[in-house]
Each structure stands twice: as C-alpha cells, then as structure tokens.
Amino acid sequence: MSPRASGAATWIASAVGVAALAALGWGSLVERTRWTLRRVDVPVLPAGSAPIRVLHVSDLHMAPWQTSKQEWVAALAALEPDLVVNTGDNLGHERGIEGIRRAFAPFRGVPGVFVNGSNDYFGPVVKNPFGYFGGPSGQVARAKRLDTKALHDFFAELGWTDIDNAATSLDLRGTHLEFFGVDDPHRGYDRLDLITAAIDDLRSEDPLGDDEWPDRPTAAAPRPTVTVGVTHAPYQRVLNSFVTHGAQLILAGHTHGGQVCVPGYGALVANCDIPRRQASGLSVWRHGLRSAFLNVSAGLGTSIFAPVRFACPPEATLLTLTAAR
C-alpha cells in the first residue's frame with residue numbers, strides 16, 4: 001500500500017472510531033434518559049363512545065438511584081389517564097421496588113392492570129450484546145431472584161389488577177373493557193390454554209353479559225364492549241392466540257424498540273420472533289381472518305449492565321381510544 005493510501009485508510013479508521021465513540025457517548029449519556037411521551041389515537045371503540053385515555057408503561061428496569069426516571073414517570077399522573085396498563089419488567093435491581101414506589105405512588109386510585117416480565121422475577125446479569133443477533137436471549141441460571149411479591153403487593157395497593165394468565169373487566173366512560181393477559185412468554189410462563197376458561201368465567205359472572213341464549217325478553221341492550229389483550233413479550237404464538245380470542249387491542253413491551261437502532265432503518269433485533277418492523281409503536285397484527293391493533297412500547301429502561309440507547313429514546317405511550325369510523 002502506498003503512503004498516500006495508507007494515510008487515507010488511517011484517516012478513515014480514525015473517523016469511524018471517533019463516530020463510534022460519539023454515538024456511544026450520546027446513547028449512554030443523553031438518549032437513554034431522553035424521556036419521551038408518545039401519543040397515538042386508536043379507533044377501536046364502538047360508535048358514539050366517549051374517548052378513553054390509556055397510559056401504557058413498560059420495561060422500567062428500575063434501580064433505586066434512577067431518580068430522573070422516577071420523577072418523570074410520577075409526573076405523568078398529571079395527564080389524568082383513565083387507565084394504566086403496565087406490561088412488565090418493572091424491576092432492574094434487587095432494590096428496584098424502592099424506585100417503583102416513588103414512580104407510581106401518584107397513580108394511586110387510577111384503575112390499572114399489569115402483567116409480569118422476566119425481570120420482575122430475576123435480576124439483570126451481564127450478557128454479550130451480540131448474542132441477540134442469534135435470536136431471543138435465553139435463561140441465565142445465575143440470575144438473582146427478585147421480590148415479585150412486594151411488587152404485586154404495591155400494585156394491589158394502587159388498585160391495579162394482576163392479569164397474569166387471567167382476565168378481568170372494567171367499566172370506563174360508558175364502555176365495558178374486558179382484559180386478558182399472560183405471564184411472561186419470554187420465560188415460557190404464559191398459559192394460553194387458560195385464557196378461554198378465564199374469559200368464559202369472566203363473562204359468566206357478568207350480570208349484563210351476553211352468554212345466555214336465546215336472549216330473555218327482558219334482556220338489556222348489549223353494552224359497548226372492547227376486548228384488550230396484555231402481554232410482556234409479543235411472541236407470535238401469544239399475539240395469534242389473543243386475536244383468536246377476540247382481542248381488538250393488544251399491548252406489549254419487552255423489545256425496547258430494538259434499544260440500539262439505525263436511523264432510517266429501525267430495530268436490528270427484537271429479542272423475540274415479532275417482525276422487526278413491529279418492534280415498537282402502533283401497528284395491526286393479523287391472524288387468520290381477524291386482526292387487532294398492536295402497541296409495542298419501546299419501554300423506559302435498560303439493563304444496568306447495558307445502559308445505552310441509540311435512535312430509540314425511552315418512552316411511555318398515551319393511547320386515546322376513540323370511536324371507530
């Protein structure tokens with residue numbers, strides 16, 4: 001190689017190195033705490049229904065010292081949402097519950113539902129980031145068990161309902177909302193076989209439900225009803241089952257939106273089998289002849305051992321459910 005060519009190669013290598021360091025610095029020092037509220041409208045309610053504001057939070061991976069995150073989440077209570085949906089991975093440290101309490105205390109009395117992610121059971125460990133390119137991350141035997149019960153007890157104090165492999169319902173602003181959810185699919189804790197029975201039991205206990213046939217002459221007019229599926233990890237087996245069970249809206253997290261993305265291209269990985277183009281944001285999931293709106297949150301945190309985001313700021317989502325046109 002000529003001296004001139006060698007000099008050019010050295011300059012290019014240096015420029016690439018400087019750019020990489022700048023990107024790392026931005027991602028670890030700036031973007032990972034650039035808290036963002038994403039607002040979207042979802043036309044899923046029956047005609048004539050009043051709008052419902054849903055705050056979707058996910059993947060806080062909370063450590064006790066993360067006061068900026070705690071304060072930002074707490075301030076979201078000023079939005080006065082009608083409902084909070086938490087799609088898991090709240091804990092990111094053995095004392096993460098301390099930060100979770102500070103973050104969500106202002107939401108006491110706001111209706112909510114939640115499901116677990118794997119990091120609500122087990123603490124973070126050091127992983128090879130390049131391993132994600134080979135497929136979803138596996139279980140790590142050395143992960144420390146976290147205090148899941150304390151997390152659930154606190155959410156219960158807020159008035160939120162645990163829908164891990166379960167179903168529940170709420171009436172909000174004149175609309176009946178049915179929820180069903182699964183425990184963490186990433187660790188295989190989801191029990192899709194229980195969903196049908198959970199929904200059947202929910203509807204059989206509903207005095208205004210439509211499970212009796214033929215209808216009694218005195219039966220009330222059908223209520224406006226929307227069915228919502230909730231999961232931490234949006235694996236295709238879960239999304240397909242939810243659509244089959246009649247979900248009109250599905251809320252999920254887990255992917256971190258890719259966490260490190262390429263501008264103009266998007267997520268490089270999703271840590272599950274969902275298509276990368278649907279690793280964050282609002283889209284439509286189709287299965288068979290049915291479909292549902294799908295919102296995947298890019299989440300608010302990262303592992304304490306991988307504190308970087310690039311072209312993928314941490315987010316919560318305010319979904320306004322509106323009447324379908």
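Linking ILVMFWY residues whenever their side-chain heavy atoms come closer than 4.5 Å, directly or via other members, leaves L202 and L249 in distinct clusters. Cluster membership for V230 and V57, using ILVMFWY side-chain heavy atoms within less than 4.5 angstrom, is not shared. Both L37 and V110 are part of a single hydrophobic cluster, where members link through side-chain heavy atoms under 4.5 Å apart. Residues V73 and F155 are members of one and the same hydrophobic cluster, defined by side-chain heavy-atom contacts under 4.5 angstrom among Ile, Leu, Val, Met, Phe, Trp and Tyr.
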Item checked: side-chain contact (heavy atoms from CB on, under 4.5 Å) assessment of L172 paired with T175 -> CA-CA 5 Å; L172 291 174; T175 296; 5.9 Å; no
Margin query: Let's go through V54 and D82 carefully: what are the C-alpha distance in whole Å and the side-chain angles of both, what is the deciding distance for side-chain contact (heavy atoms from CB on, under 4.5 Å) to 0.1 Å, and is it a yes or a no?
Written below: CA-CA 6 Å; V54 179; D82 300 303; over 6 Å; no
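For the residue pair H232 / D184, no side-chain donor-acceptor distance below 3.5 Å is found, with atom types taken as modelled. With hydrogens and angles left out, the side-chain atoms of Q278 and S283 include a donor and acceptor closer than 3.5 Å. Counted by atom type alone, W72 and T33 present zero donor-acceptor pairs between their side chains at under 3.5 Å. Side-chain atoms of T302 and H61 include no donor-acceptor pair closer than 3.5 Å. In summary, the side chains of H56 and T87 do present a donor paired with an acceptor at a separation below 3.5 Å, with no hydrogens or angles considered. A donor-acceptor contact closer than 3.5 angstrom links the side chains of D164 and N116.
Here R237 pairs with D190 under the salt bridge (Lys or Arg N to Asp or Glu O under 4.0 Å) rule; sequence neighbours left out. For E94, the salt bridge (Lys or Arg N to Asp or Glu O under 4.0 Å) criterion is met by K144, not counting sequence neighbours. Under the rule for a salt bridge (Lys or Arg N to Asp or Glu O under 4.0 Å), R290 has no partner lying at least two apart in sequence or in another chain. Looking at residues two or more places apart in sequence or on another chain, you find a salt bridge (Lys or Arg N to Asp or Glu O under 4.0 Å) between E98 and R95.
Checked against V113 for a side chain to side chain contact (heavy atoms under 4.5 Å, CB included), the options T168, N86, V84, D162 give a single hit: T168.
Judged as a salt bridge (Lys or Arg N to Asp or Glu O under 4.0 Å), not a single pair has a partner in residues 46-66 (not counting sequence neighbours).
Other residues, nucleotides and ligands contribute only 12 or fewer heavy atoms inside 6.0 Å of the CZ atom of R286.
Two rings, from W160 and F154, have their centers 6.0 Å or more apart. Residues F114 and H152 bring their aromatic ring centres within 6.0 Å. In summary, the aromatic rings of H186 and H254 are positioned with their centroids under 6.0 Å apart.
Contact of the V85 side chain with the V228 side chain is not registered, since no non-hydrogen atoms from C-beta on lie closer than 4.5 Å. Side chains of D183 and R191 form no contact here, defined as non-hydrogen atoms less than 4.5 Å apart.
Note: Y121 and Y189 have perpendicular aromatic rings, judged against thresholds of 30 and 60 degrees for the angle between ring planes.
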Extract all donor-acceptor atom pairs below 3.5 Å that involve side chains of residues 317-325 and protein atoms in other chains or at least two apart in sequence.
from, atom 1, to, atom 2, distance (Å)
T317, OG1, R38, NH2, 3.0

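In this structure, S241 OG and Y235 OH are separated by 16.0 Å, a value rounded to the nearest 0.5 Å.
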